Every structure is written in structure tokens, then in C-alpha cells.
There are 2 protein chains.
Amino acid sequence: MANYCTNHEWKGRADCAHCGIRQLMLFSGLPESGFTELLQPIDNHLYSAGASLYEEGVRGQTVYSIRRGLLKLLYRTPDGSQRIVRLHGKGITIGLELLDANVAYHHTAVAVEDVDACAIPLATLKNLQARFPSLCDKVRQQLQQQVDRADQWIKDLNTGVAWSRVARLLLLLRELGADRNGDIELLPREDMAAVVGVTTETASRIVADFKRRGLLLKVTGNTYRCNAQQLDQLLTETGVSTG
Amino acid sequence: MANYCTNHEWKGRADCAHCGIRQLMLFSGLPESGFTELLQPIDNHLYSAGASLYEEGVRGQTVYSIRRGLLKLLYRTPDGSQRIVRLHGKGITIGLELLDANVAYHHTAVAVEDVDACAIPLATLKNLQARFPSLCDKVRQQLQQQVDRADQWIKDLNTGVAWSRVARLLLLLRELGADRNGDIELLPREDMAAVVGVTTETASRIVADFKRRGLLLKVTGNTYRCNAQQLDQLLTETGVSTG
DNA sequence: CGGTAAATTGACTGCTCTCAATTTACGTGG
DNA sequence: CCACGTAAATTGAGAGCAGTCAATTTACCG
């Protein structure tokens with residue numbers, strides 16, 4: 001099982017007005033003046049891979065806006081393993097379920113690579129939302145996007161035979177986390193398995209097979225170049241059943 | 001494959017102010033005056049089982065608030081079958097993805113039993129939302145609920161061996177559609193299969209087995225009494241694997 | 001260079017799919 | 001009300017995919 005420590009580093013007070021990726025973030029579109037009189041400060045945190053941002057069932061008071069890195073939303077299963085229901089990267093705000101009164105986080109959020117996130121106090125969000133109705137629409141868009149991703153997750157990563165699910169996961173990783181060369185960091189096999197709903201061994205066999213077939217080429221360390229075109233072709237050619 | 005006709009009946013102008021289940025609906029909490037000067041009327045429709053409310057990819061202008069009945073949200077697969085990603089009943093509003101400018105419906109929505117729904121023109125919703133900021137929160141809650149259901153769907157209905165998925169589906173049907181006796185209408189096996197991601201034959205075998213073991217008792221026609229307690233017990237006793 | 005965790009692989013079992021046949025349910029016309 | 005036709009559900013047999021358990025190899029860290 002993975003290590004669910006909560007190691008993270010405080011990176012300082014966030015400077016939303018000058019955020020480099022502001023156009024992506026929850027607060028895009030708000031006038032800069034909105035940030036001068038915040039009830040509570042927004043802090044910038046760095047979570048190293050394996051660190052958890054929050055735990056399912058905890059009555060938190062913070063939502064997180066992801067600036068960089070990839071994290072997983074998961075449920076713990078009775079047998080101590082995990083079921084991953086979402087992967088999120090830059091631009092996504094998680095923990096919005098807290099906007100419903102008196103609820104706890106619905107998932108556990110764990111960084112799968114180093115994550116840079118802004119911790120927004122719930123009170124601040126509510127305050128800003130009351131002052132700037134346009135923020136309401138931003139929140140709606142965030143949730144809509146998360147519904148969409150959940151549905152795609154079901155359709156693409158939880159349908160069909162195992163190898164096709166893994167193939168689609170690789171393509172998703174390319175969308176979410178590809179560097180400028182289009183190369184991706186492979187997830188630990190245990191995580192891949194928890195994404196697509198198979199055993200770790202099965203995930204490993206499929207990845208190893210993709211490597212042998214040249215669909216995945218090692219670049220350095222855990223970085224691989226994946227032949228997206230060929231993967232796509234495999235997925236469309238083969239009438240992939242529900243297997 | 002199921003029959004995707006669009007047979008439905010116009011039930012007349014909706015009377016939101018006196019809606020019997022208003023407290024559940026999208027417009028709960030709005031002052032009655034809000035409904036007197038609607039730009040466009042809200043109509044009440046009756047969709048018979050098998051009728052589709054809307055189709056994936058269509059640029060519609062209507063969201064639907066479900067008053068009664070059960071419907072499925074699905075994707076069509078390349079081979080002509082369906083992958084069901086959600087079941088929704090009373091109190092849910094679907095089609096909210098249209099609130100994002102210039103998008104089409106994300107799924108196909110098909111009634112699995114007779115459905116009574118209010119067709120709300122997008123313009124009306126936007127208009128009311130501008131006038132009553134509290135509606136914004138209602139929309140958020142709707143979307144949050146749909147995220148939650150999608151995540152539960154992944155965890156409960158798309159994880160583990162086939163029989164446990166079907167068992168959980170039966171329990172879900174009890175929550176969504178049980179009559180006052182706690183009895184449920186079984187879905188067609190093809191639909192069950194499209195929910196849990198197995199073949200129709202496998203779904204059928206499992207249901208038949210549940211019947212033989214007395215976990216499902218025929219009441220009348222397609223109405224069955226399901227022994228929820230025993231199903232729960234089976235699910236918790238057995239360390240159900242990812243199989 | 002050892003030690004530990006992760007990844008891979010092997011052997012075997014068992015579950016689910018496939019393809020096909022049968023049975024059952026149900027609506028229609030007689 | 002019954003015979004019939006069609007669709008749905010069930011069942012069977014066999015093949016193949018994925019799970020289980022265990023061993024081995026590889027990667028990584030100090």
C-alpha cells in the first residue's frame with residue numbers, strides 16, 4: 001500500500017492578483033480589489049508526491065485550487081486498498097463539497113506527483129461569492145467539469161477489457177500531465193490498478209506488454225514516451241468488448 | 001437493443017408555485033412571484049418508458065426537472081450498445097451542462113419507467129438565476145449531488161466481481177425507485193449490464209441466481225421484493241475482490 | 001554495496017465472455 | 001380466451017481473460 005503521509009511545505013501567502021495561471025483558476029475574472037480585504041489569507045502549499053491534502057470524512061474548512069502537479073481522489077476500501085475516482089491537475093478546485101453545510105470531504109486527496117496548490121478557506125470563498133456573483137458561475141463550471149470527468153472515467157477507464165482501460169489511462173495521463181515533449185510519468189501500478197479496477201499484477205502485465213511492443217518507450221527514470229497514435233489505433237481498430 | 005423512440009405526452013403548463021414536491025425541486029426557495037413573469041413557460045411532460053428526453057450531442061435549450069419516475073443517462077458505444085453512467089429519479093435536474101455557453105447535451109437521457117418531468121427553457125433558468133441569486137446555490141447543489149452519484153457509481157457499481165455489482169445495483173434501485181412496500185422494478189438485463197459493465201448474459205445469470213436463492217422474490221409482473229438485509233450481509237461478509 | 005519496495009513474471013484457478021439454444025413473457029389478432 | 005409471433009430472459013458449453021498466490025527480478029535509497 002502507498003504511503004499516505006501528509007508531508008507538505010508552506011510556500012507563502014498567495015498573490016492571486018498576480019497569479020501566473022490566473023485565467024485557469026477559480027478566481028479568474030474577479031477584480032483585483034476583491035483580494036485586498038480577504039477575511040482569511042490564502043496560502044500557497046507544496047505537497048510532495050504521496051502527501052495527502054485531505055482525508056475522506058474529515059470536516060475541513062479548506063478548498064484547494066491546484067496550480068501545478070497531479071493528484072488523485074480516492075475512496076479507501078474495507079480491505080485497506082484504494083479505489084481512485086478522479087485524477088486532477090492544474091486549474092481544478094477540489095473540496096467544493098464543503099460548500100454544502102455540515103459535510104465532510106467526500107474523498108481522500110493525495111498528490112501523485114509534487115503538487116502546488118492554494119488553500120482557500122471556506123469562509124473566504126463564501127465571502128467572495130457573496131460579493132462577486134460571477135464567482136458562483138466559476139464554481140458551477142468547476143463542478144460541471146468534475147461531473148464530466150467522472151462520466152468519462154466510467155466510460156473510458158471502467159469499460160471494456162483491461163488492456164484497453166490501461167491504454168485509455170495512458171492517453172489521459174498525456175492530457176493531464178504531459179511535459180513539453182508529450183512524455184508522461186507513469187503511475188505506480190497499484191494506482192493504475194485502482195484507476196481501472198483491476199489487480200496490480202494485471203496492470204503490471206499490461207504495462208510491461210506495452211513496453212515490449214514499443215507503445216511505451218523509456219525516456220528517463222519513470223518518464224516514458226507513449227505512442228498515442230498507435231494506442232488510439234489499437235483502441236479503435238479492435239472492437240473492444242466489455243470483457 | 002432497447003427502443004429509443006421519443007414518445008411523450010404534454011401534460012400542460014407547470015404550476016411551480018403549487019408543485020407538490022416543490023421542496024425537492026430546483027426552484028424550491030424561490031418566491032412565488034418569481035414565476036409570474038417568466039419569459040417562457042415551463043411545461044410538464046410525461047415520457048413513457050423507453051422514450052428519450054434528449055440525445056447526446058444535440059444543442060438543446062431545455063433542462064429537465066424530474067418530478068416522478070426513473071431515467072438513465074448513457075453514452076452510445078461505437079458498436080451500437082450503451083454505457084449507462086447515471087440513474088436519476090425524483091428531484092434531480094438534468095441537462096445543466098447547457099449552462100456552459102455553446103455546448104450540447106453530454107448524454108442521452110432515456111426514461112426507464114414512466115417519467116414526469118418539467119421542461120425548463122434555458123433562458124428561463126438563466127433569467128431566474130439572475131434575479132434570484134439563491135438559485136445559483138440550488139444549481140450548485142444539483143451538480144454536487146451528481147458528482148457524488150457518479151463517484152458512488154464508480155465505487156459501488158464498477159468495482160469488484162460481477163455479482164457484487166449487481167447486488168449493489170439492486171440496493172440502489174431500492175433507494176431510487178422503491179414503492180411503499182420497498183419493492184422494486186427490475187431493469188432489463190441489458191440495462192443492468194450497461195450499468196455494471198458486464199455482458200447481458202452475465203447480468204441475467206446473476207439475477208436468475210439471486211431469484212433462486214430467494215434474494216429476489218417476484219411480487220407481480222416485473223416487481224420484485226429484494227432482501228436488502230441479506231444482500232448487504234453478502235456484500236460485507238464476503239471480502240469482495242476487484243475480480 | 002546491502003536492503004527494501006516496486007515491478008515483473010509464472011502457474012494455476014476461476015470468473016466472465018462468446019456463441020448458441022431454449023424457455024419464458026407479452027402483445028396482437030383471431 | 002387462446003394461438004401465434006416476437007422480444008426478453010435464461011441456460012449451456014467452451015474459450016479466454018483476469019485473479020490469486022508465489023517467486024523472481026529490477027529499481028532505488030542510504
Side-chain angles (χ1 to χ4, degrees), chain A residues 1-5 48-50 77 79 81-83 112 157-167 169-170 185-213 216 218-224 238-243, chain B residues 1-5 7 48-50 77 79 81-82 112-113 157-167 170 185-213 216 218-224 238-243:
Chain A
M1 245 202 354
N3 178 21
Y4 294 107
C5 59
S48 44
T77 63
D79 68 318
S81 65
Q82 54 170 352
R83 183 66 162 102
V112 298
L157 306 178
N158 286 281
T159 302
V161 293
W163 71 260
S164 75
R165 303 184 188 193
V166 173
L169 170 57
L170 294 174
E185 296 294 310
L186 292 189
L187 296 182
R189 305 300 172 269
E190 184 184 342
D191 282 359
M192 289 194 184
V195 165
V196 302
V198 299
T199 59
T200 304
E201 293 93 328
T202 294
S204 175
R205 273 185 242 274
I206 292 167
V207 170
D209 186 52
F210 281 171
K211 288 180 187 172
R212 276 189 291 265
R213 294 163 63 182
L216 280 172
K218 182 171 192 141
V219 178
T220 57
N222 194 36
T223 305
Y224 283 79
T238 326
V240 178
S241 91
T242 159
Chain B
M1 240 196 9
N3 178 20
Y4 293 109
C5 59
N7 290 334
S48 45
T77 63
D79 68 318
S81 65
Q82 53 169 351
V112 298
E113 51 186 43
L157 305 179
N158 286 280
T159 303
V161 293
W163 69 262
S164 75
R165 302 184 189 193
V166 173
L170 294 175
E185 297 292 312
L186 292 188
L187 295 182
R189 305 300 172 269
E190 185 184 340
D191 282 358
M192 290 194 185
V195 165
V196 302
V198 299
T199 58
T200 305
E201 294 93 328
T202 294
S204 175
R205 275 185 241 274
I206 292 167
V207 169
D209 187 52
F210 282 171
K211 287 179 187 173
R212 277 188 290 266
R213 294 162 64 181
L216 280 173
K218 181 172 193 141
V219 179
T220 58
N222 193 36
T223 306
Y224 282 78
T238 326
V240 178
S241 92
T242 158

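Hydrogens, waters and symmetry mates are skipped; everything else that's a heavy atom, side chains included, is used. Owing to the predicted nature of the structure, the values given are computational and were not obtained by experimental measurement. Per chain, numbering begins at 1; letters A, B, ... match sequence-line order.
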Less than 4.0 angstrom from a charged side-chain N to a carboxylate O is my criterion; do D209(A) and R205(A) meet it? no

Value for OG (S81(A)) from CD (E190(A)), rounded to nearest 0.5 Å, stands at 7.5 Å

Hey, what do you get for CG (L216(B)) to CZ (F210(B)), rounding to the nearest 0.5 Å? 7.5 Å

Starting at [atom1] of [X] and ending at [atom2] of [N], how long is that distance when rounded to a whole Å?
X	N	atom1	atom2	result
D191(B)	dA8(D)	CG	C1'	12 Å
E190(B)	dA8(D)	CD	P	7 Å
N158(B)	dT16(C)	CG	C1'	15 Å
L216(B)	dA9(D)	CG	P	14 Å
W163(B)	dC17(C)	CH2	C1'	20 Å
M192(A)	dA18(D)	CE	C1'	17 Å
D79(A)	dT20(D)	CG	P	10 Å
E201(B)	dG14(D)	CD	P	17 Å

Looking at [N], I'd like to know if its phosphate oxygens (OP1 or OP2) sit under 4.0 Å from a side-chain N or O belonging to [X].
X	N	value
T199(A)	dG19(D)	yes
K211(B)	dA9(D)	no
R165(A)	dA18(D)	no
S204(A)	dT8(C)	yes
R189(A)	dT8(C)	yes
T202(A)	dG19(D)	yes

Taken in chain and number order and not counting sequence neighbours, the residues that satisfy side chain to side chain contact (heavy atoms under 4.5 Å, CB included) with R189(B) are L186(B), M192(B), T200(B), S204(B), V207(B), K211(B)

Please check if the side chain of T220(B) supplies one atom and the backbone of T223(B) the other of a donor-acceptor pair under 3.5 Å. no

List the steps, then state whether side-chain contact (heavy atoms from CB on, under 4.5 Å) holds for N158(A) with R165(A). CA-CA 7 Å; N158(A) 286 281; R165(A) 303 184 188 193; 4.3 Å; yes

Which angle, rounded to 10°, do you find between the first-five-pair axis and the last-five-pair axis of the helix from dC1(C)-dG30(D) to dG30(C)-dC1(D)? 40°

Please give me the minimum heavy-atom distance between L157(B) and V195(B), naming the atom from each residue. CD1-CG1, 3.8 Å

Compare the minimum distances between each of dA18(D), dC21(D), dT8(C) and the side chain of R212(A), then state the nucleotide with the smallest one. dT8(C)

Map V207(B) and R205(A) onto DNA chain D by nearest heavy atom, then report which one ends up closer to the 5' terminus. V207(B)

With nearest nucleotides of DNA chain D determined for I206(A) and N222(A) from heavy-atom distances, which residue corresponds to the more 5′ nucleotide? I206(A)

